[in-house]
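Protein chains get the first letters and strands the later ones, always in sequence-line order, with residue 1 at the start of each.
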Number of protein chains: 2
Amino acid sequence: MSETDTPMVENLEHELRAEGVRITRQRVAILSALANSSDHPSAEEVLERSRKQDSSVSLATVYRTLSILEGRGTILRNEFDGTGARFELANKPHHDHLIDVDTGDVIEFTSPRIEELQAEIARELGYDIVHHRLELYGKVRHQD
Amino acid sequence: MSETDTPMVENLEHELRAEGVRITRQRVAILSALANSSDHPSAEEVLERSRKQDSSVSLATVYRTLSILEGRGTILRNEFDGTGARFELANKPHHDHLIDVDTGDVIEFTSPRIEELQAEIARELGYDIVHHRLELYGKVRHQD
DNA sequence: AATGCACTTGCGAATTATTTGCAACAAGGT
DNA sequence: ACCTTGTTGCAAATAATTCGCAAGTGCATT
Ligand SMILES: [Mn+2]
Ligand SMILES: [Mn+2]
Ligand SMILES: [Zn+2]
Ligand SMILES: [Zn+2]
């Protein structure tokens, strides 16, 4: 546990340790990278950011750690059009994404009404939703 | 134009020819495979089905043709979780998908209400929607 | 603090899905 | 039938992610 660990990272470390996951230098670096990001970094970007704290982190370890974290529900894996997977901590309330097709910017939004309708549709079809993906791809509205 | 061409395939051939796209044996086979499919085949599956009509079709040509068709809006490319891309003709009204996570079955559905809400959300964020992806992943509802 | 073993890691090779270079081939206008 | 130019099959190239393995390291225990 590095002395530069934020309380959020320490919390994650405790949770993981409680489940028998070993806390290694590289895992702390990866957790910090995720905790300090407010965007949706790719595996490569998580690698770069992690290396600022521990230059020994490898891409394979980033992928292995991201898999563990995803399996535990600690992070979410997004597969937007085109690029590889993008990640984010799962500690905020559920939301969906609007991707600016020109800039790649990702905007988060929530719609309780859409969530309800989804559940209703699934119910009518005889299903329970396990998870869902709602992505809007758009361009800034123009009047030019 | 093979004499076993369905009217639907002939239509597609005409449209494509009108845009300067050459109608080759393999393209007819691929169009037929798509026109005769009511599911969401992968590129490999499109290859298999096309080969029943023209055994010379190669996977590279399937991918190249699918790209052309997607570019023209003739087909839609779906990227569901896990597997590679899955395709379908775009000649039916817009719909979204519910994927049975146990069987892989894909069920189509439409919700005018959700579509409206999406447009509204984008508008509030200052965007016009170019396209969107709504996928529900679910399990058959059980009471056992 | 030292020990030991199972879990982790870095590295490079393997995979999976898709794309591309290139020489041979074939639409389709003339 | 001919010619030009787009198209094809094949194999090699990419891109993103996973895996095998020998070396390294958490951390429970002494
Ligand atoms: Mn997000
Ligand atoms: Mn469909
Ligand atoms: Zn949602
Ligand atoms: Zn829709």
Check your understanding: Counting side-chain heavy atoms from CB outward, which of D/dT25, C/dT9, C/dT8 is closest to A/Thr61?
Key ->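 Taking heavy atoms from C-beta onward, the closest nucleotide is C/dT9.
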Check your understanding: Nearest to the side chain of B/Arg27 - C/dT19, D/dG9, D/dT8?
Key ->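 Per side-chain heavy atoms of B/Arg27, the pick is D/dT8.
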Review point. Is A/Arg113 salt-bridged to A/Glu116, going by a charged N under 4.0 Å from an acidic O?
Key: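 Yes, charged N to carboxylate O under 4.0 Å.
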Check your understanding: Is a salt bridge present between A/Arg133 and A/Glu79, judged by a nitrogen-to-oxygen distance below 4.0 Å?
Key ->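 The answer is no: the pair does not qualify as a salt bridge.
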Practice item. Decide whether A/Leu136 and A/Ile121 are clustered together by the hydrophobic rule: side chain heavy atoms of Ile, Leu, Val, Met, Phe, Trp, Tyr closer than 4.5 Å, transitively. Key: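 Linked, A/Leu136 and A/Ile121 end up in one cluster.
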Please give, in whole Å, the distance from [N] [atom2] to [X] [atom1]?
X       : N      : atom1 : atom2 : value
A/Leu59 : C/dG12 : CG    : P     : 13 Å
B/Ile23 : C/dG29 : CD1   : C1'   : 15 Å
A/Glu44 : D/dT18 : CD    : P     : 13 Å
A/Asp54 : D/dG26 : CG    : P     : 10 Å
B/Leu66 : C/dT20 : CG    : C1'   : 16 Å
A/Glu79 : C/dA17 : CD    : P     : 13 Å
B/Arg25 : C/dA24 : CZ    : P     : 18 Å
B/Arg77 : C/dT18 : CZ    : C1'   : 9 Å

Review point. Heavy atoms under 4.0 Å, any strand shown: does A/Gln26 hit a base, just sugar-phosphate, or nothing?
Key: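 Sugar-phosphate contact only.
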Practice item. Have a look at B/Ser56 and say if it touches a base, only the backbone sugar-phosphate, or nothing, with a 4.0 Å heavy-atom cut-off. Key: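 Touches sugar-phosphate only.
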Should [X] be listed as having a side-chain N or O under 4.0 Å from OP1 or OP2 of [N]?
X       : N      : value
B/Arg64 : C/dT19 : no
B/Thr24 : D/dT8  : yes
A/Tyr63 : D/dT18 : no

Review point. With a 3.5 Å cut-off and just heavy-atom distances, do the side chain of A/Arg22 and the base of C/dA6 make a donor-acceptor pair?
Key: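 Yes, the side chain and the base share a sub-3.5 Å donor-acceptor pair.
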Exercise for review: Please assess A/His132 against A/His94 for the test side-chain hydrogen bond (donor to acceptor under 3.5 Å, both in side chains), listing each intermediate value before the final yes or no.
Suggested key: CA-CA 11 Å; A/His132 69 270; A/His94 170 76; 3.2 Å; yes
Point to revise | Position toward the 5' end of DNA chain D (nearest nucleotide), A/Gly82 or A/Val21 | key: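 In this pair, the answer is A/Gly82.
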Exercise for review: Examine distances only and state if a side-chain atom of B/Arg27 and a backbone atom of B/Arg22 form a donor-acceptor pair shorter than 3.5 Å.
Suggested key: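 Checked: pair present.
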